[in-house]
Amino acid sequence: TIASADSALTHGAKWIEVDVRSTKDSVMYNLHDAMLDRTTNGQGFIYDHTAEQIERLDAGAWFDAKFRGLHVPTIAQMLDALEGRAYIYFDVKDCYLPDLIQLVRDKGYTDRSFFWFGQEDMLREFVSLAPEMKVKVNAADTTRLQYWQTICQPAIVEVHADKLTPEFQQYCHDHNVRTMVAAQGESLEDYRKAIQTGADMINLDRPEIFERL
């Protein structure tokens with residue numbers, strides 16, 4: 001929700017991750033799960049619902065009663081709400097890529113965002129449609145990163161803290177690739193370990209805990 005993004009920024013985050021999924025009528029929303037059940041009062045897959053149906057859902061009460069009435073934001077609404085306040089990390093799960101690319105261009109986020117795709121065919125399509133935009137890849141070692149380099153020019157590589165060796169870090173920097181450590185644990189120790197890797201960025205879920213360090 002926009003409220004959660006606002007909270008992350010309050011606690012020092014510089015980037016906000018936006019999960020892109022589409023409705024049956026091709027409206028793009030920020031929703032992590034394919035199904036509505038966990039984070040809204042709806043049921044079933046988002047792609048089986050129209051935007052009109054999604055707009056009627058409550059996306060806040062499950063977290064805390066004080067957030068009752070919050071809506072699932074569209075991608076456009078997220079970008080408008082974060083204008084001038086954050087960079088955007090697009091986790092593209094399911095959408096019509098030309099529409100997303102056009103929206104990002106129209107909203108002026110081309111140079112203030114990067115994209116990740118869980119499906120390699122979507123990555124290949126994206127690179128052909130928007131070669132000027134930045135992409136992130138996931139890799140545990142140099143060999144895997146070199147594979148992705150045959151497909152695109154990664155701007156960022158995400159890696160688990162245990163896998164970010166000095167040699168891997170050096171290879172990334174030699175090839176103008178920023179390193180991002182995945183640290184989705186929720187303890188100070190998890191985040192301390194991530195900092196100690198020397199990564200350029202840290203991907204985390206609890207900035208209010210990270211802020212204490």
Please find the pair of heavy atoms, one from [X] and one from [Y], that lie closest to each other, and give the distance.
| X | Y | answer |
| --- | --- | --- |
| Asp111 | Lys134 | O-NZ, 4.3 Å |
| Ile75 | Val18 | CD1-CG1, 3.2 Å |
| Glu125 | Pro98 | OE2-CD, 4.4 Å |

Would you give the length of the straight line joining atom [atom1] of [X] to atom [atom2] of [Y], rounded to the nearest 0.5 angstrom?
| X | Y | atom1 | atom2 | result |
| --- | --- | --- | --- | --- |
| Ile195 | Leu188 | CD1 | CG | 9.5 Å |
| Leu31 | Ile54 | CG | CD1 | 7.5 Å |
| Ser128 | Leu123 | OG | CG | 9.5 Å |
| Thr23 | Glu52 | OG1 | CD | 11.0 Å |
| Asp25 | Gln53 | CG | CD | 8.5 Å |
| Asn30 | Met78 | CG | CE | 4.5 Å |

Under-4.0 Å salt bridge between [X] and [Y]:
| X | Y | value |
| --- | --- | --- |
| Lys163 | Asp141 | no |
| Asp19 | Arg21 | no |
| Lys193 | Glu189 | no |

Going through the distances and angles, do Tyr89 and Trp15 end up as a ring-ring contact (aromatic ring centres under 6.0 Å, His included)?
CA-CA 7 Å; Tyr89 160 22; Trp15 295 77; 8.1 Å; no
Are there more than 12 heavy atoms of other residues, nucleotides or ligands under 6.0 Å from atom [atom1] of [X]?
| X | atom1 | result |
| --- | --- | --- |
| Asp174 | CG | yes |
| Gln77 | CD | yes |
| Glu132 | CD | yes |
| Glu211 | CD | yes |
| Tyr96 | OH | no |

Same cluster (ILVMFWY, side-chain, under 4.5 Å), Val157 and Ile151
yes
Following the transitive rule for hydrophobic clusters with a side-chain heavy-atom cut-off under 4.5 Å over Ile, Leu, Val, Met, Phe, Trp and Tyr, establish whether Trp116 and Met122 coincide in one cluster.
no
Any donor-acceptor pair under 3.5 Å linking the side chain of [X] with the backbone of [Y]?
| X | Y | result |
| --- | --- | --- |
| His71 | Pro73 | no |
| Asp64 | Phe67 | no |
| Tyr109 | Leu79 | yes |
| His49 | Gln43 | yes |
| Asp58 | Gly69 | yes |
| Arg112 | Gly108 | yes |
| Trp62 | Asn41 | no |

Can you check ring-ring contact (aromatic ring centres under 6.0 Å, His included) on Phe90 and Phe114, steps first, answer last?
CA-CA 6 Å; Phe90 291 97; Phe114 66 84; 8.8 Å; no
Does either side chain, that of Asp200 or that of Thr179, offer a donor lying less than 3.5 Å from an acceptor on the other one?
yes
From Asn203, Ile88, Leu204, residue fulfilling side-chain contact (heavy atoms from CB on, under 4.5 Å) relative to Glu17
Asn203
